[in-house]
Structures are given as structure tokens and as C-alpha cells.
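Please read all numbers here as calculations on a predicted model, not as lab measurements. Start at 1 and go down the list; that is how both ligands and their atoms are numbered.
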Amino acid sequence: MGAAVIPMNLGADSYDIVLERGVLGKAGAYLNLRRKVLIVTDSGVPEQWVRTLAAQCEEADVFRMPAGETNKNLDTFREALRRMLSFGLRRGDCVAAVGGGVPGDLAGFAAACYMRGIDFYNCPTTVLSQVDSSIGGKTAVDLDGIKNIVGAFYQPKAVLIDPDVLATLPPRQIANGLAEAVKMALCFDAEEFSRFETEKTGARMDAVIERALRIKKSVVEQDAKERGLRRALNFGHTLGHGIEALHAENGLLHGECVALGMLPMCGPEVRNRLKKVLEKLGLPTRCGADASRVIAAAAHDKKAAGDGIIAILADEAGSFREQRMTTAELKARYISVYGEGKA
Ligand code: GLY
């Protein structure tokens, strides 16, 4: 595969997304590494990817946080800022994330806040962060069990996507990220959705990543701050976050929860098609979580307003619509697909 340079056109906040096998090893051709670079990563990211980037920096330090969403919090955020301070980062220096959505979100928010904003680069190393979370400028940490409730829109200066780094990921992590690519196809691109049905996804991974990036680029360029269209990218996330809040009991990953969160929000025909796609990819399609607890957690989600939740529904592949729903309506949808679940 040759390099695909996908420009994100956001006026003064524009940047390039470079999709190329091996690009991490030539990051210096795309990023300004002739300065202090704080690399933010986590304990689950193979050391070789961190070293590959560090070796190209004039002066690098590494902040390695513990892996896991529960560590995407204000304590870790403070530690990252302290490391930026002790490393002596100045306004002209930068932060570079190497890892999945957790270090990416935290590093971006720390870069947004330190000295009122220094340069941020993202080098995502999971499917989920390559197809979705590394682009678009959402940065945040969680607070009191509410995901991404403290954060900022802060666009990176560049994103380097190297599909070679996915070789070290276990199959479950690959499937986890593909849930977000399926989400984008289902809402925006009926043909791409059919490819998930008819083709072997593993054999066309670079194309899957590129298609998801191009969909997301188009959405973010039209609505960077999520006033309207970008809300469609939350498809599956309201129920998904509710299921994910019970993570300690069900052990499900974010993309797996999004997969489960999508099914009740589909029309019957597309739901059947989606179910088969999820099964084919190794994603869950059954959920035993208690309906009342899922809905209570979903209603805590920041997208809930009063008794109304702005839900995204997909009646057919390649399209979506918004509908304000009460928590009772959301619960009825959940129960119609998964039942009441165990209390
Ligand atoms: N992951 C959804 C968004 O970036 O808007």
C-alpha cells in the first residue's frame, strides 16, 4: 500500500492524517521531532513502537500510564502534566501519543491544557484508535464513572496511522476496533457495509481503515464540535456506554459494548444483517446485563438531557436519523433485543 495522506480541513486547525505501512519508522518525515517530545503511552503498548518513535526525536521522555479505561482519570492527568513540567516542556515543544484511545485521549487533553495548549501528535496503535478516536480532536478523561466528561476539542497537528503495528494485537482487540468501522459504514456508506458482509475483513484491513477515516473526516469537517451531524458517530454508544458501565461484571471492551449498543437501535432488516456481520467479526450479539441498570447508567451519559436522550437510529444501511427518546423507550428497545437480563 502506498501512502494515503488524508487532509483534515478545519481552517487554522487543519492537519494531515497519514495512512501508510511503516510510517511510524519514518515519523520524522511528517512530524517536527527536532524539539522536546513527551511520548505518552500505556503499559499495554509494545515497547518497540515507543522506541521507534523515541529514536527519531531530538530529545524524548516517556510517560507510561497503566493500561485501562479506569486510569483515564484526573489523577493520571495530573501525573502527565507533572511529567511535562519536570521534563521542561516549553510552548514550542510537543506531546505525542503512542497507543490506543486511552493514552490518546489523555495525552491530547494534557497537551490542550499545558501552557494553554502545546502541539499534539497522535500515533494510534489499535484498530479502534486508528479508525476512530485518534482523529477529530476529542480529548478527555473520565470522572466519577462518567466517560469523557472532562475534556476539550483539541485537534492534533498530525496523525500517523501505521497498520503494521496492528500485527502485535490479539484478535479480540482487532474485532473491538472494527465495531467502530462497522458503525461508520452502517450510518454513512451502504456499500462499505455490504463489504463487511461479503468480503474477508482481515484481508482488506488497510481499505477498511481508510474508508472509516474518510467517513469520519467528512463528518468532522462539517461539524467539528458535535452540534449536529457528528452526533451520528455516537450511534450505538448510548446503550453501549450503559453496558460498558457494568464492565466490572461483564468484562466487555468498548467496541464490544458499542456492537451490543447498535443492535437495538436498528430497524429489523438491518438488525439481522448487522447481527451476522458482528458474528462474523467475532463481536458479541447477546447481552445478559440487567436492563434497568444499563438504562440508569446510559441516562448518566452526558448525552442525556432531562428525561430525553438524543438517540441515533439506523432504519436501513447507509443512513441514520435522530430521535429524542425517553429512558422508558430506550429500555423497551433494549429489552426487545436482549430481554430484562439478570439483576
Ligand atoms: N468517536 C466519535 C467521535 O469522534 O465523534
Side-chain angles (χ1 to χ4, degrees), residues 6 8-10 13-15 17 19 69 72 97 99-109 111-112 120 122 124-142 146-156 158-159 161 173 176-189 192 208-245 253-262 265 283 298 301-304 309-314 320-322:
I6 302 171
M8 178 71 88
N9 297 310
L10 294 171
D13 292 330
S14 297
Y15 53 96
I17 303 155
L19 169 60
E69 180 75 29
K72 203 178 87 176
V102 169
D105 282 9
L106 186 130
F109 188 41
F120 171 55
N122 209 336
T125 62
T126 61
V127 176
L128 193 140
S129 54
Q130 292 199 348
V131 300
D132 190 2
S133 66
S134 66
I135 71 160
K138 280 190 177 176
T139 73
V141 294
D142 307 341
I146 304 180
K147 276 173 71 88
N148 302 325
I149 196 71
V150 182
F153 286 102
Y154 191 69
Q155 300 294 338
V159 181
I161 298 185
Q173 279 293 347
N176 180 52
L178 287 172
E180 298 281 11
V182 170
K183 167 198 81 177
M184 286 189 246
L186 184 53
C187 291
F188 290 97
D189 186 344
E192 179 68 359
V208 168
I209 295 169
E210 182 166 353
R211 190 64 204 120
L213 288 172
R214 289 194 186 279
I215 292 171
K216 182 149 181 186
K217 160 199 154 71
S218 160
V219 172
V220 171
E221 283 177 351
Q222 294 172 69
D223 178 22
K225 297 246 168 109
E226 199 173 299
R227 308 268 193 246
L229 180 69
R230 188 168 178 171
R231 288 202 288 258
L233 299 181
N234 296 327
F235 178 62
H237 283 63
T238 301
L239 284 175
H241 282 172
I243 297 165
E244 198 173 0
L253 304 172
H254 175 73
E256 293 172 336
C257 296
V258 170
L260 291 169
M262 289 192 282
M265 311 312 273
L283 286 160
D301 192 271
K302 64 184 184 294
K303 287 171 280 299
I309 288 173
I310 300 175
I312 309 295
L313 301 170
F320 65 91
R321 68 185 164 92
E322 276 189 9

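- Side-chain contact between Lys138 and Asn148 is absent, with no heavy atoms from C-beta onward closer than 4.5 Å.
- The side chain to side chain donor-acceptor pair (under 3.5 Å) check on Thr139 picks up nothing, with sequence neighbours excluded.
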For ligand 1, find each of its N or O atoms that sits under 3.5 Å from a protein N or O atom, and tabulate the pairs with distances to one decimal place.
residue, atom, partner, partner atom, Å
ligand 1, 1 (N), Asp132, OD1, 3.1
ligand 1, 1 (N), Asp132, OD2, 3.2
ligand 1, 4 (O), Lys216, NZ, 2.6
ligand 1, 4 (O), Arg230, NH2, 2.8
ligand 1, 5 (O), Lys138, NZ, 3.0
ligand 1, 5 (O), Arg230, NE, 2.7
ligand 1, 5 (O), Arg230, NH2, 3.4

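- Ile243 contributes atom CD1, which lies 11.0 Å from atom OG1 of Thr238 (distance to the nearest 0.5 angstrom).
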Residue pair Lys217, Leu213: steps toward the side-chain contact (heavy atoms from CB on, under 4.5 Å) verdict: CA-CA 6 Å; Lys217 160 199 154 71; Leu213 288 172; 6.0 Å; no
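- Counting heavy atoms from C-beta outward, Leu10 and Tyr15 have side chains that approach closer than 4.5 Å.
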Verdict with supporting geometry, Ser218 and Gln222, side chain to side chain donor-acceptor pair (under 3.5 Å): CA-CA 6 Å; Ser218 160; Gln222 294 172 69; 3.1 Å; yes
